[in-house]
2 protein chains.
Amino acid sequence: MIAELVFVGTELLLGEILNTNAQYLSRQLAQLGVDVYHQVVVGDNAARLRAVLSQALSRSDLVIASGGLGPTDDDITREGAAEVTGRPLELDPQLLAQLEIWFARRGRRMAENNRRQCMVPRGARVLPNDRGTAPGLMIPADGDKVVILLPGPPGELRPMFEAHVAPYLAARSGGRPLRLVTRTLRFVGIGESALADGLRDLMATQTDPTIAPYAKVAEVHLRLATRAADEAEGYARIAPLEAEIRSRFGRFLYGSDEETLPQAVGRLLAERGMTLSTAESCTGGLVAKWITDVPGSSRY
Amino acid sequence: MIAELVFVGTELLLGEILNTNAQYLSRQLAQLGVDVYHQVVVGDNAARLRAVLSQALSRSDLVIASGGLGPTDDDITREGAAEVTGRPLELDPQLLAQLEIWFARRGRRMAENNRRQCMVPRGARVLPNDRGTAPGLMIPADGDKVVILLPGPPGELRPMFEAHVAPYLAARSGGRPLRLVTRTLRFVGIGESALADGLRDLMATQTDPTIAPYAKVAEVHLRLATRAADEAEGYARIAPLEAEIRSRFGRFLYGSDEETLPQAVGRLLAERGMTLSTAESCTGGLVAKWITDVPGSSRY
């Protein structure tokens with residue numbers, strides 16, 4: 001299943017907020033074995049939003065759009081998705097009753113414009129929102145495709161994704177999706193190009209697991225990735241490749257997965273009962289900061 | 001001038017990294033008076049990258065792409081941009097000489113694949129990179145359009161943007177671009193929909209300055225925005241609208257722009273010589289944390 005993520009909001013195009021939803025949703029979908037080929041950000045503009053949603057539906061099976069579900073006039077995602085899926089919006093009386101209760105509980109009057117949040121494209125499934133007034137929507141589209149609308153605030157989007165979208169996607173893929181299993185090997189003291197040069201034969205022939213090099217500040221990472229039913233199966237497939245890479249470049253490898261260089265240094269110091277002092281010139285205390293950022297660093 | 005941002009990298013589609021370049025570039029362009037209508041993220045896939053770049057060139061005047069300029073085979077942005085602009089790649093001997101010096105200074109051998117980083121689309125301008133091996137490129141396209149390629153690591157992208165791209169864009173817009181001037185009004189104790197309802201007449205008629213409401217955790221923000229030659233001109237245009245909104249909803253307004261609620265509470269306490277104790281149940285110390293997160297909070 002190919003997925004596309006659409007983020008709606010002029011505030012994203014102005015750089016006023018950081019798009020943490022993009023990372024969250026991408027990571028969740030990778031875990032569920034769903035491939036994301038495109039992420040698109042578009043502003044609160046009806047024509048451009050419709051064009052982006054149409055294109056997403058034409059090239060992807062699943063479109064997840066977030067943002068623009070609020071009660072105000074610049075919230076246009078509901079209307080745009082209804083239009084591109086060809087489903088008229090209809091007032092959902094049950095949703096209206098729930099929203100009135102939501103406001104009454106908080107001792108507030110429901111504003112007239114909140115009624116817009118009770119408009120549902122015909123045939124869509126409503127995803128309840130316990131944290132806000134915007135319900136999510138799951139809208140069927142041509143040929144088994146689906147458009148899922150989620151609210152923009154991460155505090156509303158995340159619980160809704162976990163409670164309703166993740167189970168739906170897992171069920172759709174037969175309840176046992178292939179998930180992405182990765183191992184990151186972390187190197188220091190060698191450049192990305194030299195490392196890739198020495199692994200050229202492996203990188204040219206390997207298609208599963210894949211090998212992707214990333215240049216980081218003062219480090220290079222290699223990500224080995226495969227898809228498998230579970231972690232054990234995935235790591236078993238990665239192991240021979242990892243062993244071959246370690247045999248070639250093990251002397252530059254300081255750790256794997258989440259362990260950072262300061263953590264690896266700290267672990268070695270603690271294991272050997274050694275302590276560390278720094279006297280820094282150009283780095284002006286940066287090395288000491290990296291070292292002491294690690295919890296438990298007072299041991300060394 | 002309409003701009004489009006393209007971010008190249010499978011790691012973004014997998015959610016392995018947070019796209020901070022999107023916020024940085026969007027904010028910089030807003031400051032320079034350049035409108036961004038779309039941001040697109042695409043993986044290290046040649047066909048999809050070409051399609052994304054072609055579409056960007058068809059609907060935008062300026063395309064800024066970042067990432068995928070490294071030395072390894074999965075770095076394909078240079079080739080993709082050369083293809084969609086119809087400019088063949090040619091080895092730049094000067095760039096090659098510089099890169100050889102770059103490696104020699106660091107006592108490293110230059111790998112064969114680094115030569116790829118010296119391939120330049122015919123007629124393109126090279127943007128030097130002091131922090132890494134990937135030069136940026138500024139590639140002319142049909143009808144006065146331009147494609148700018150920047151390296152993905154923020155530590156390389158940001159200085160290159162500030163040194164080379166920002167001055168180019170400022171010069172292109174006559175040296176004195178209209179910049180975005182904004183004022184954010186921060187409200188507490190009122191919902192987004194009630195606030196928007198009470199400002200419906202203003203929001204319906206105002207096109208400049210624009211009014212955009214944002215629901216935040218326990219707060220609502222209104223962003224008033226206009227374009228002006230400088231801040232003084234912009235604030236003068238925003239002032240009457242701000243005064244009208246304050247006269248209607250001033251009792252819910254606690255601060256503006258960057259001042260947070262804990263900062264506003266702290267400022268009022270300090271002004272009045274009052275102190276604050278918290279005894280928290282449901283919030284479990286959260287209020288105390290918010291209060292003490294403000295520098296100087298030991299005064300109250």
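These numbers come from the heavy atoms of this one structure, side chains and all, not from hydrogens, waters or symmetry mates.
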Quick check on A:I17 against chain B: is it the side chain, the backbone, both or neither that has a heavy atom closer than 4.5 Å?
both
Is it the backbone or the side chain of B:D75 that comes under 4.5 Å from a heavy atom of chain A, or both, or neither?
side chain
Separation between CG (B:L224) and CG (B:L185), nearest 0.5 Å, reads 5.0 Å
Under 4.5 Å from any heavy atom of chain B, what part of A:D197 do you find: side chain, backbone, both or neither?
both
With a 4.5 angstrom heavy-atom cut-off, which part of B:R106 approaches chain A: side chain, backbone, both or neither?
neither
Ranked by heavy-atom pairs below 4.5 Å to chain A, first place among B:D74, B:T10, B:L14 goes to B:L14
Determine whether A:R186 and A:E259 satisfy the following criterion, salt bridge (Lys or Arg N to Asp or Glu O under 4.0 Å), listing intermediate values before the conclusion.
CA-CA 8 Å; A:R186 294 165 161 254; A:E259 190 177 49; over 6 Å; no
Quick one: what part of A:R131 sits under 4.5 Å from any heavy atom of chain B, side chain, backbone, both or neither?
neither
Which pair of heavy atoms, one from B:L69 and one from B:R78, lies closest together, and at what distance?
O-NH2, 2.7 Å
Stacked cation flag B:R105 on B:W102, 6.0 angstrom / 45 deg
no
Using non-hydrogen atoms and a 4.5 Å limit, figure out which bit of A:V217 sits close to chain B: side chain, backbone, both or neither.
neither
Using non-hydrogen atoms and a 4.5 Å limit, figure out which bit of B:F7 sits close to chain A: side chain, backbone, both or neither.
neither
With a 4.5 Å cut-off on side-chain heavy atoms, are A:L18 and A:Q23 touching?
no
Quick one, A:I2 and A:S60 - any side-chain contact, counting heavy atoms below 4.5 Å?
yes
Side chain / backbone / both / neither for A:R116 at chain B, heavy atoms under 4.5 Å:
neither
Could you have a look at B:A196, B:G9, B:S193 and say which one has the most heavy-atom pairs with chain A under 4.5 angstrom?
B:S193
Turns out that what part of A:R223 lies under 4.5 Å from chain B's heavy atoms comes down to side chain
Inter- and intrachain pairs under side chain to side chain donor-acceptor pair (under 3.5 Å), touching residues 61-71 of chain B, at least two apart
none
Region of A:T182 in contact with chain B, defined by heavy-atom distances below 4.5 Å:
side chain
Toward chain B, the part of A:D35 with a non-hydrogen atom under 4.5 Å:
neither
Does A:R48 qualify as a cation-pi partner of B:Y37, given the criterion of NZ or CZ under 6.0 Å from the six-membered ring centre and within 45 degrees of its axis?
yes
Tell me, out of A:N113, A:V42, A:L12, who's got the most heavy-atom pairs with chain B below 4.5 Å.
A:N113
Determine whether a donor-acceptor pair (N or O, by modelled atom type, separation under 3.5 Å) exists between the side chain of B:T77 and the backbone of B:G67.
yes
Go through the atoms of A:Y24 and report whether side chain, backbone, both or neither lie under 4.5 Å from a heavy atom of chain B.
neither
Tell me which of these, B:V36, B:V40, B:L13, has more heavy-atom pairs under 4.5 Å with chain A than the rest.
B:L13
CD of A:Q117 to CD of A:Q98, rounded to nearest 0.5 Å, is 12.5 Å
Between A:D73 and chain B, with a heavy-atom cut-off of 4.5 Å, which part of the residue counts as in contact: side chain, backbone, both or neither?
side chain
Contacting region of A:Q28 [heavy-atom separation from chain B under 4.5 Å]:
neither
Could you have a look at A:P71, A:A30, A:G152 and say which one has the most heavy-atom pairs with chain B under 4.5 angstrom?
A:P71
Nearest heavy-atom contact between A:L49 and A:I76 is CD2-O, 3.6 Å
Looking at A:P213, A:G155, A:G198, A:A22, which has the largest count of heavy-atom pairs under 4.5 Å with chain B?
A:P213
Are more than 12 heavy atoms, taken from residues, nucleotides or ligands other than B:R251, located less than 6.0 Å from that residue's CZ atom?
no
If I compare all heavy atoms of A:A215 with all of A:E192, which pair ends up nearest, and what's the gap?
CB-OE1, 3.5 Å
Side chain / backbone / both / neither for A:E11 at chain B, heavy atoms under 4.5 Å
both
Measure distances from B:E16 to the heavy atoms of chain A and classify the residue's part below 4.5 Å as side chain, backbone, both or neither.
both
